[in-house]
**Student:** 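If you scroll down you'll find the structure; I have some questions about it.
Atom set for the values below is all heavy atoms of this structure, side chains included, hydrogens, waters and symmetry mates excluded.
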Amino acid sequence: MARRDSIVAWSLFFSLAACAPTLGQIPGPMSLVANVPLPGPPVRFDYQSFDRTRGRLYIAHMNTDQLVVFDVNKREVVANLDGFANVHGVLAVPEINRIFASATGEHKLAIVDMQTLKTIATPGPIKYPDGIAYAPGPNRIFVSDEHGNADVVIDAATNSLIATIPLDGGAGNTVYDSGSGHILVAVHEKNELVSIDPATAKIIGHHPMPGLENPHGIALDVDGRLAFVAGEENGKLAVVDLTNMKVLNTFSVGKDPDVLAFDPGLKLLYVSAESGDVMIFREKGRTLETVGSLSIPYAHTVCVDPDTHLVYFPLQNMNGFPVLRIMEPAHFLMKTSR
């Protein structure tokens, strides 16, 4: 059920105004644009998904069992959806008018109509649904079953579970590489990426990730044919050549890296960690250069708008309230990346 929380959001805004930092005063590679109040108690958020066609950001408010719908143009919450138990992953797929969310507490995938914001199906069971990817060719959803050591396949036409792909290790993030047409999954204990043919739902490649322990988060530069994979156990980031699936370089990042976001226009990579450390890299040829870092409590999840280059960090507790921190790259990054 959707709840409209504009009154709550505005009351929180005035509560926060006195204690929020002055806009633009955070030093370093990024500047603060806004701290926007979010509904609910100050508890953990997880994944985000940006729909650039509607200008909406979907945020998993994990420990409230809610999915927040945020209008990035109006900079306001337009809906707060109940009924997503222990929600982890979220993925907006505007081409089929659907939002997919991992209802981890119910061991199901929630499928939401993008127009009505109503849940229309909850296929399962999935032991521990987490990351989500969409393969448009066969019209299938792939879900990381982290504790089930598998990737689960959902038919997006029938909303039914049609396959379970054993991984022999915990499933990290699952992403779709439109360049190859393959699904990529990070596998924890195996320290590898696996490639899956989405049409057959079969593994077609095992790719070792030397230098990483428990690979989890993944971001892609599809045009540049690079993948960025973070090892949550040892705080390392690998740059992977998608043409041959070989690790090119590794870099140190924050402790327990979680969510990664890539800005294809500026070629900037953001790596957020459970420690609150956010590392910022810029592509340089077939590798990366470090351009800065931030320390933001609770900033383990990050999302970027590729059109405006604004970066979003839902923070569970800022002076007792949850907020969405919106930031932008410093001028020198905007200038030298163009």
Side-chain angles (χ1 to χ4, degrees), residues 26 28-31 33 47-50 52 57 131 133 172-179 184 186 193 207 209 211-212 214-232 234-243 245-296 299-314 325-338:
I26 294 180
M30 304 193 77
S31 60
V33 174
Y47 286 96
Q48 308 170 74
S49 183
F50 181 64
R52 66 195 300 183
L57 181 67
N173 202 5
T174 298
V175 299
Y176 174 68
D177 173 23
S178 61
L184 302 176
L193 287 183
H207 315 291
M209 294 287 109
L212 297 188
N214 277 16
H216 185 76
I218 309 173
L220 303 180
D221 177 2
V222 174
D223 292 337
R225 305 310 296 143
L226 291 175
F228 311 105
V229 186
E232 65 178 12
N234 65 339
K236 294 291 185 180
L237 172 75
V239 181
V240 181
D241 188 332
L242 285 171
T243 66
M245 302 305 293
K246 302 295 185 183
V247 172
L248 299 175
N249 300 97
T250 59
F251 299 84
S252 293
V253 292
K255 183 179 179 181
D256 198 359
D258 191 6
V259 181
L260 288 66
F262 182 70
D263 184 331
L266 298 182
K267 297 293 184 180
L268 292 177
L269 175 70
Y270 302 90
V271 182
S272 61
E274 296 286 355
S275 60
D277 297 307
V278 180
M279 295 294 298
I280 306 166
F281 300 90
R282 178 170 46 201
E283 254 185 45
K284 188 175 182 180
R286 303 297 288 169
T287 187
L288 297 171
E289 61 177 356
T290 305
V291 295
S293 63
L294 300 169
S295 181
I296 309 173
H300 71 99
T301 172
V302 59
C303 189
V304 63
D305 180 340
D307 297 315
T308 64
H309 310 296
L310 294 178
V311 183
Y312 296 87
F313 299 97
R325 175 161 291 181
I326 307 172
M327 304 188 75
E328 63 181 356
H331 179 70
F332 77 94
L333 293 177
M334 301 283 282
K335 180 179 179 180
T336 58
S337 298
R338 284 176 177 169

**Student:** If every non-hydrogen atom of F332 is compared with every non-hydrogen atom of V291, which pair is closest and at what distance?
**Tutor:**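 Shortest heavy-atom separation between F332 and V291 comes out as CZ-O, 4.2 Å.
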**Student:** Distance-only, no hydrogens or angles: does the N234 side chain make a donor-acceptor pair with backbone N or O of G211 under 3.5 Å?
**Tutor:**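 At least one qualifying donor-acceptor pair exists.
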**Student:** With the side chain counted from C-beta on, respond yes when L242 and L226 share a heavy-atom pair under 4.5 Å apart, and no when they do not.
**Tutor:**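 A side-chain contact under 4.5 Å is absent here.
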**Student:** Which atom pair, heavy atoms only, marks the closest approach of M334 to L266?
**Tutor:**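 Minimum heavy-atom contact is SD-CD1, 3.4 Å.
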**Student:** Under a 4.5 Å cut-off applied to non-hydrogen side-chain atoms, are D221 and D223 in contact?
**Tutor:**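 Contact flag for D221/D223 side chains = yes.
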**Student:** Would you check if Y312 and D305 make a side-chain contact, meaning some heavy-atom pair closer than 4.5 Å?
**Tutor:**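 A side-chain contact under 4.5 Å exists here.
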**Student:** If I compare all heavy atoms of V175 with all of N173, which pair ends up nearest, and what's the gap?
**Tutor:**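 In this case the closest contact between V175 and N173 is CG1-ND2, 4.0 Å.
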**Student:** With a 4.5 Å cut-off on side-chain heavy atoms, are E328 and V311 touching?
**Tutor:**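 They are not in side-chain contact.
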**Student:** Of the non-hydrogen atoms in G254 and M279, which two are nearest, and what is the gap between them?
**Tutor:**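 Nearest heavy atoms, G254 then M279: N-CG, 4.1 Å.
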**Student:** Testing L288, V302, V253, V259 one by one against V271 for a side-chain contact (heavy atoms from CB on, under 4.5 Å), which residue passes?
**Tutor:**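 Between V271 and the candidates, side-chain contact (heavy atoms from CB on, under 4.5 Å) is satisfied uniquely by V253.
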**Student:** If only atom types and distance count, is the side chain of T290 paired as donor or acceptor with the main-chain N or O of G292 below 3.5 Å?
**Tutor:**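 A pair under 3.5 Å: no.
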**Student:** R225 and side chain to side chain donor-acceptor pair (under 3.5 Å): which partner among D241, T243, D177?
**Tutor:**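 Option passing the side chain to side chain donor-acceptor pair (under 3.5 Å) with R225: D177.
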**Student:** Measure across T301 and S272 and return the closest heavy-atom pair with its distance rounded to 0.1 Å.
**Tutor:**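 Shortest heavy-atom contact: N-OG, 3.5 Å.
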**Student:** Evaluate L260 against Y270 for side-chain contact (heavy atoms from CB on, under 4.5 Å), listing each step before the verdict.
**Tutor:** CA-CA 6 Å; L260 288 66; Y270 302 90; over 6 Å; no
**Student:** Quick one: does any side-chain atom of R286 pair with a main-chain N or O of V240 as donor and acceptor, under 3.5 Å?
**Tutor:**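 No, the answer is negative, given that no donor and acceptor are paired below the 3.5 Å cut-off.
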**Student:** Show the nearest heavy-atom pair for residues L184 and I218, with the distance to one decimal.
**Tutor:**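 Closest approach of L184 to I218, heavy atoms only: O-CD1, 4.2 Å.
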**Student:** Just so I know, are the side chains of L269 and E283 near enough to count as touching, which here means a heavy-atom distance under 4.5 Å?
**Tutor:**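 Answer no - side chains too far apart.
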**Student:** Counting C-beta onward and ignoring hydrogens, is there a side-chain heavy-atom pair between F313 and I326 closer than 4.5 Å?
**Tutor:**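 The answer is no, as the side chains (C-beta and beyond) never meet within the 4.5 Å cut-off.
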**Student:** Look at D277 together with K255 and state whether they make a salt bridge at an N to O cut-off of under 4.0 Å.
**Tutor:**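 Not counted as a salt bridge, because no side-chain N and carboxylate O are separated by less than 4.0 Å.
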**Student:** Is it true that D307 and R52 make a salt bridge, defined as a side-chain N closer than 4.0 Å to a carboxylate O?
**Tutor:**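 Counted as a salt bridge, because a side-chain N and a carboxylate O are separated by less than 4.0 Å.
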